[in-house]
Amino acid sequence: MVKNVGPAGLERIELKRLTERVGRLFSVLQEAAEEQMPEIAGGWAPPVDVCETANAICIRIELPGVSASQIKIGLSSNKLRIYGEKKKRNPRQRVISHFCSERNYGPFNRIVRLRWTISVQDATAEFIDGMLSISLPKIKDRRGSEFKVPILEREPK
């Protein structure tokens, strides 16, 4: 049996759909803005590439002038955080004035939200020539597979 909905009912349904879409759009925009803004005052966020292969999520971060000892990586099931500090080198000759200075120095921080089920224990990172490459192996989706639950039988008291 099909229920007949009047014009006011259709308007309410469309308004509800529009409200849900705007809410989803707002949350996506807010998440994107949080990823772009460094959490550290006076800090900067290095550029990041995120790629997906059949078996892993690959993340590449440009960190020129930084050594591996200056980089820290924090990983949880839903986010990856790359942070550290790029120290300014002391010039050999005394600089009188700067005409242009476009490079970033100081603390850096970058958070990448993870929308995939990954194996945190099997993650690897490699740092070569100022490029940090992180590989996060994906876990096959376990939804729909059946797990056997053992039943413990006890004697009544």
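Numbering of residues begins at 1 and proceeds along the displayed sequence.
Counting heavy-atom neighbours within 6.0 Å of Glu126 CD, excluding the residue itself, gives a total of 12 or less.
The distance from the CD1 atom of Ile59 to the CG atom of Leu136 is 4.5 Å, given to the nearest 0.5 Å. Atom-to-atom distance recorded for Arg115:CZ and Ile57:CD1 is 11.0 Å, nearest 0.5 angstrom. To the nearest 0.5 Å, atom OG of residue Ser135 and atom CG of residue Asn55 are 9.0 Å apart. One finds the CD1 atom of Ile82 at 9.0 Å from the CZ atom of Phe108 (value rounded to the nearest 0.5 Å). To the nearest 0.5 Å, atom CG of residue Leu15 and atom CD of residue Glu20 are 10.0 Å apart.
In this structure, the side chains of Ser133 and Ile128 stay at 4.5 Å or more apart for every pair of heavy atoms. Under the 4.5 Å side-chain criterion, counting only non-hydrogen atoms from C-beta, Leu132 is in contact with Ile73.
With sequence neighbours excluded, the residues satisfying side-chain hydrogen bond (donor to acceptor under 3.5 Å, both in side chains) with Ser76 are Asn78.
Between Arg110 and Val48, the closest heavy-atom pair is CG-CG2, 3.5 Å. Closest non-hydrogen pair, Ala54 versus Lys138, comes out as O-CE, 3.4 Å.
Under a 3.5 Å cut-off, the side chain of Lys86 and the backbone N or O of Pro64 do form a donor-acceptor pair. Listed for the Arg81 side chain is no donor-acceptor partner under 3.5 Å among the backbone atoms of Gly74.
A salt bridge links Glu14 with Arg17: the closest approach of a Lys/Arg side-chain nitrogen to an acidic carboxylate oxygen falls below 4.0 angstrom.
In the hydrophobic clustering of ILVMFWY residues, with side-chain heavy atoms under 4.5 Å counting as a link, Trp116 and Val112 come out together.
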Go through the steps for Leu63 and Phe127 under the test side-chain contact (heavy atoms from CB on, under 4.5 Å), then give the verdict.
-> CA-CA 9 Å; Leu63 292 165; Phe127 190 64; 4.2 Å; yes

Quick one: do Ile134 and Leu75 satisfy side-chain contact (heavy atoms from CB on, under 4.5 Å)? Show the steps, please.
-> CA-CA 11 Å; Ile134 301 171; Leu75 179 61; over 6 Å; no

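Leu18 belongs to a hydrophobic cluster whose other members, connected by ILVMFWY side-chain contacts under 4.5 Å either directly or through intermediates, are Val22.
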